[in-house]
Every structure is written in C-alpha cells, then in structure tokens.
Amino acid sequence: MSAEKTAITPTRNADFPEWYQQVIKAADLAENSETRGCMVIKPWGYGIWELIQQQLDRRFKATGHQNAYFPLLIPLSYLEKEAEHAEGFATECAVVTHHRLEAVKDPATGKTKMIPAGELAEPYVIRPTSETIIGAAFARWIESYRDLPLLINQWANVMRWEMRPRLFLRTAEFLWQEGHTAHETKDEAIAETRLMHGQYEEFLRDHLAIPVIAGEKTENERFPGAEMTFTVEAMVQDRKAIQAGTSHYLGQNFSKAQNISFTGRDGTVQHAHTTSWGVSTRLIGTLIMAHSDDDGLILPPRVATQQIVILPITPKEDSRQAVLDACQALAETLRHQTFFGDPLRVHVDQRDLNGGVKKWEWIKKGVPIRIEIGPKDIESRKVCVQRRDQAISEKSFTDKADFIQSASEMLGEIHQTLLSRATAFRDANITACDHLDAFHAHWAGDNPGWLYTPWSGSREQEEELSKKHKITIRCLPISDTELPATGGKCILTGQETNIRAIWGRSY
RNA sequence: CGGGGCGUAGCUCAGCCUGGUAGAGCGCUGCGUUUGGGACGCAGAAGUCGUCAGUUCGAAUCUGGCCGCCCCGACCA
C-alpha cells in the first residue's frame, strides 16, 4: 500500500463537492432518501445532532429560555400577515391542500390509485419557519408588560422546497432550533438578539472548533421581515462561506402584523419587540467541510458520537479473551472520566474482522482517539494511542494508567488543534482590499478567499458587484480584532467610512 | 422553472448502435487460511432491466407517452 493513497476519492483538491459527498458516505452519516430533497440521517450522523442539541439546549436554558412546541402546519392566512416575510418564503413553501385520500380503481389497468380528496377551505403551509404561528400564540399569551420578556425555543423540523439539495447543507426538510422571544423595548430585544448571536459564536468555536466571523447582514441579505440580521460566517476548506447561524431583531414588524400587544408600565397599549434565532443540521455539513481530510471525517471531540474507540488486537486464540477483557475494563474505567462535564463516550469494537479494515473504518468515521490493545500491551501495561488530528501512521505507546489520566486532556488538545488549524486557514484566506482594481481581479482566481474592505456603497451598488462576481457581502463584522488592517475609504465610492465588509462566495 | 444527462443485483456500472430471454467489480452469506497499515482462496445468494403502451415469432436492446433521479443555471439555513 503506497503512502499517498487516501481513503477518500477524489481528494479535496481534485473535486471538493464530490469529496464532501464521499466523506458523508464513508463515515456513514446520512444518505439521500426516496423523498426528493430529503435525507435519511443515519446513527453516526444523528449522534452528532443529538450532542449539538444537548449542548445548545443547556446554553438556551442557562440564558433563561424554555422549550415549547408548535404545529407543523401553518394556516396560509398567517403567513400572509407580514408581507415581506410571505414574499421571502413564497417560492419555497410546500402546501397541504387536502385531508383525505380516496381509493379509485383505474379501469384501464385495474390498479387501485389513491387520489387526494376533501379539499381544505384554507390550505396549510408546511412551516418553512415559525414566526407567524408562534407570533399568533404570543398574541394570546401576552397581555401585560409583566408577561415580558417571553423567551421560547422550539426544536423542530422545517421544510423549504429547495431546488438544489445537498446533504446537510441544503435539504428540503431539515432539523433545527428556532428561538422566538418578545420584549418590552427595542433595546432589550436587540440585547437578546446579540446575546444569542454571541452564544452561537461561542458554540461554534468551543464545541465545533470552528472559528467564525460574527457580523451583521446588509439589507440585501437580511431575513425577510427582519430589521437587523446577525450572522456567524464560517470559512470551509474550499474557502467558501457558510452562514452557520443567524439571529434576527424583528422590530415591531411581526407584532404589528399579528397584534402582539401589551399594556405598558404607563398604561398605554404597546406592540412588543420580537426576535428569532436559529441553527440547523447545516452545522453538521459545516463541520465536515471545515475539518475533514482526504482520509475522511474528523470529528470535534465534544460532538463526536464516540470519542474513543478501542480496537482489540487478537493474533492468538489463547490470549484472545484476556485482550477482550482488558479492552472492556479500560472502556469502563474511561467512562468514569469526564470531558466538559459529560462522561467519555467509549466504544470497544469487538467485531471479528481484519484489524486493518476496522481501523480504517474508524479513521473514516472521524473518531478523535483510537486505542489498540494486544497481548504485548497487556504484558507491558501500555496502550497504543492514535489521534485523528495526527498523521495516520503516527502512534504512541503510553502507560495505560497515564492514558486514563490524560484522556480528556487529549480530547481537549485535539479540539485545540482543529480550532487552530481552521483559524490559521481562515486568516490566511482573508485579504484586506482597498482598491477596486484589486477587488475585481481577486474573484477571477480559483477558489478565491474572502476580501475585507471599507464599504459605504448603496444597496444597488452592492447588488451589482454581487451579481458580477457571484459573491455576496457575508457580513459587516462587529469586531476587527481578528481581521487585517484596511484603509478608511470605501473601495467603490471613495468616501471615508468606518464600516467594513467581508465579501465571499457562499454555499 | 430553463439547458444537458441518466434509470440494468445492495452500490458503481457494462450490455443497447447491429433484437434471440442477464453480466462485471465492489459489497453480502458460508467454509478455510489470515490478523500490530485497507488480506486471500473456494463455494453461494441476489435483478418481472423505472413504468405503461406499440412494433415483432421474440424487446434490457427499436418507437411513443408517463414517472423519477443527477449535473449546470436562477432561488435559499
């Protein structure tokens, strides 16, 4: 076997989109279903989602939010209430128009067909997002300033009839959470929007090892119906941007449209200020594209379905049972260790398969730490440790006791490696740009990185540049501490400005 | 919704041009040899060739309708 052979074909450099599909397949994360645009999330992938859910949910609870659940079907009239919102989602809505099927025999073929019957007086839209139906509930629940703030989150599936689905990144049905809150004042609502934006930024960095640029969207890129949209933008390995999470200040747009009103401290009737914020299974696509390599998935330890996999090496029948026992005992001991408060997730792979096959399977699945234990190791009280953030050929023989001591620390190091690697890559691919010529020239290259420019152009000027180069302003960053220095004059208008824009191609 | 392509075994595909009733590789099952860098041998299971109709003695193969999927654009978490 030659050293340069990779587990995934093609490599990232050869064909990035195809590489992405192959990583998902090799890691057994998900597959396309028979239902158009929808995916089947398999256990190894769903495990990642469960961990993302648990860990985000703790953050939501810690910041005062409660979970609730609202209907999948939204009366069409609800969606119509906020004009901009309705228009923004119109082309992606799946609509339920009937509530019954009737069996009809086709006289030509003799086969029975099920025909939709019982047409509904008012069609339902399958939720593409739940602002309108949650807003209707809020209108009932909120009467007084004493009912505010109202801080609700729901874990749900939503449907957006996308024309070009892509596993995890863009599917017709996807899983997400959507927070919906109502507040007494504009300032409070904006503070909430920013708070959750900050939670997303931290979550991506501290749980998924993905550094993001946090910023505000321009008017062109805003959520339909929002006053302000904040985003966290991740750069993945083909230098494209992925909008990984958004948090919206909705102003009084929805509360006026749906009459979410309350009697204020001064006795007057006022409209609430609302927010909404969400992240989806797209996070899984983002982490795959951010970290994985030509040998497959690399999982950030905190969301790894299994963090440590133990492979028993059983070359001789007479020592086989002793090896298996030692592996189980080690797994049990490790499960009493914790990583960020959770017990270590450890799996012993006892399947009677060729050792190399099993090892490569776990490499492709991205398990952070692989342990091999054979008869010799039992004698020497050592374990063979291999890390997914290091070369496949690298291994170290460590005293078992020392490994048990340091296992969770090692997971922390792996997280750190992934984060530093991704940060270095991102920083190397964000270029400050002060001149329009350089700006135009930049986008002609293959896989161009992001540009960071002073910007004071109009909405129309932004759109023109976007169309010309198939790019968008990903965000207007909130902080410049992680970004290169630029001049102060807008690349297009030449006017002095303190606004900066990140431009890039996106998924 | 525009432009291109494709539906044959679980997966990837050959066979179609020139009609004669089903093939390969991988995967799967069993047995044996292997096992600390992706093993090998032997045996085996598995497909009403997307669907409906037409042409024909005979259709995976030719003709037409329908359905579905993929890629490239416009739209998007």
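Per chain, numbering begins at 1; letters A, B, ... match sequence-line order.
With sequence neighbours left out, the salt bridge (charged side-chain N to carboxylate O under 4.0 Å, His left out) criterion links A:Arg387 to A:Asp389, A:Glu413. Checked against salt bridge (charged side-chain N to carboxylate O under 4.0 Å, His left out), A:Lys61 has the following partners two or more places apart in sequence or in another chain: A:Asp57. Residues forming a side-chain hydrogen bond (donor to acceptor under 3.5 Å, both in side chains) with A:Thr218 (at least two apart in sequence, or on another chain): A:Glu462. A:Glu84 pairs by the side chain to side chain contact (heavy atoms under 4.5 Å, CB included) definition with A:Glu82, not counting sequence neighbours.
Distance CG (A:Asp349) to C1' (B:rU35): 14 Å, rounded to an integer number of Å. Straight-line distance from the NZ atom of A:Lys358 to the P atom of B:rG36: 11 Å, rounded to whole Å. Atom CZ in A:Phe16 sits roughly 19 Å away from atom C1' in B:rC71 (whole-Å rounding). Between A:Lys316 atom NZ and B:rG36 atom C1' there is a gap of 11 Å when expressed in whole angstrom units. A:Arg370 places its CZ atom 13 Å from the P atom of B:rG38, with the value rounded to the nearest Å.
B:rC11 is paired with B:rG25 under the criterion used here, namely a Watson-Crick or G-U wobble arrangement in which both key atom distances are under 3.5 Å. Nucleotide B:rC76 has no partner under the Watson-Crick or G-U criteria, as no pair reaches both atom distances under 3.5 Å. The partner of B:rG54, taking Watson-Crick or G-U wobble pairs whose two distances both stay under 3.5 Å, is B:rC62. Across all strands shown, B:rG36 forms no Watson-Crick or G-U wobble pair with both key distances under 3.5 Å. With a 3.5 Å ceiling on both atom-pair distances, the Watson-Crick or G-U wobble partner of B:rC69 is B:rG5. Base pairing of B:rG41 is made with B:rC31, judged by Watson-Crick or G-U wobble geometry with both donor-acceptor distances under 3.5 Å.
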Protein and nucleotides 39-46 of chain B: nitrogen or oxygen contacts under 3.5 angstrom:
unit_1 : atom_1 : unit_2   : atom_2 : d
B:rA39 : OP2    : A:Asn354 : OD1    : 2.7
B:rA39 : OP2    : A:Asn354 : ND2    : 3.3

Short heteroatom pairs, N/O only, protein and nucleotides 26-32 of chain B, under 3.5 Å:
none

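Spacing of P atoms, B:rU12 relative to B:rG44, comes out at 27 Å, to the nearest Å. Rounded to whole Å, the separation between the C1' atoms of B:rU51 and B:rA24 comes to 27 Å. Look at the C1' atom in both B:rC31 and B:rA60: the space between them is 36 Å, to the nearest Å. The gap from the C1' atom of B:rG25 to that of B:rG20 amounts to 27 Å, rounded to the nearest Å. B:rG30 and B:rG65 have their P atoms separated by 49 Å, with the value rounded to a whole Å. Comparing the P positions of B:rA22 and B:rC13 gives an interatomic distance of 23 Å, to the nearest angstrom. Straight-line distance between the C1' atoms of B:rA77 and B:rA59: roughly 48 Å, to the nearest whole Å.
Ring orientation note: the planes of A:Trp155 and A:Trp49 are nearly perpendicular, at an angle over 60° on the 30°/60° scale. Classified by interplanar angle (parallel below 30°, tilted 30° to 60°, perpendicular above 60°), the ring pair A:Phe223/A:His85 is tilted.
Within a 6.0 Å radius of CZ in A:Arg58, other residues, nucleotides and ligands contribute more than 12 heavy atoms.
At the heavy-atom level, A:Pro128 lies nowhere under 4.0 Å from the strands shown. A:Gly374 comes within 4.0 angstrom of a nucleotide base, judged by non-hydrogen atoms across all strands.
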Quick one: side chains of residues 364-378 of chain A, donor-acceptor pairs under 3.5 Å with protein atoms, not counting sequence neighbours, listed by atom name and distance.
unit_1   : atom_1 : unit_2   : atom_2 : d
A:Arg370 : NH2    : A:Gln386 : OE1    : 3.2
A:Glu372 : OE2    : A:Gln386 : NE2    : 3.1
A:Asp377 : OD2    : A:Gly374 : N      : 2.7

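The closest side-chain donor-acceptor pair between A:Thr275 and A:Glu192, if any, does not fall under 3.5 angstrom. A donor and an acceptor atom, one from each side chain of A:Gln199 and A:Thr63, are nowhere located under 3.5 Å apart. Residues A:His180 and A:Ser276 have side chains that never bring a donor and an acceptor to within less than 3.5 angstrom of each other. Neither side chain, A:Thr129 nor A:Arg127, offers a donor N or O lying under 3.5 Å from an acceptor on the other.
Screening residues 198-208 of chain A for salt bridge (Lys or Arg N to Asp or Glu O under 4.0 Å), with sequence neighbours left out, gives A:Arg59-A:Glu202. Screening residues 307-330 of chain A for salt bridge (Lys or Arg N to Asp or Glu O under 4.0 Å), with sequence neighbours left out, gives no hits.
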When you check every protein heavy atom under 4.0 Å of nucleotides 72-77 of chain B, what one-letter string (B, S, -) results, 5' to 3'? SSBBBB
Which letter, B, S or -, goes with each nucleotide of nucleotides 3-12 of chain B from 5' to 3', with contact meaning a protein heavy atom under 4.0 Å? --------S-
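For the pair A:Arg282 and A:Phe174, the NZ or CZ position fails the cation-pi test of under 6.0 Å to the six-membered ring centre and within 45 degrees of the ring normal. A cation-pi geometry, defined here as NZ or CZ lying under 6.0 Å from the six-membered ring centre and within 45° of its normal, does not hold between A:Lys395 and A:Phe397.
For the segment residues 377-401 of chain A, the set of residues with a heavy atom within less than 4.0 Å of an atom of RNA chain B comprises A:Asp377, A:Cys384, A:Ser393, A:Lys395, A:Phe397, in numerical order.
In this structure the side chain of A:Phe254 never reaches within 4.5 angstrom of the side chain of A:Ile134, judged on heavy atoms.
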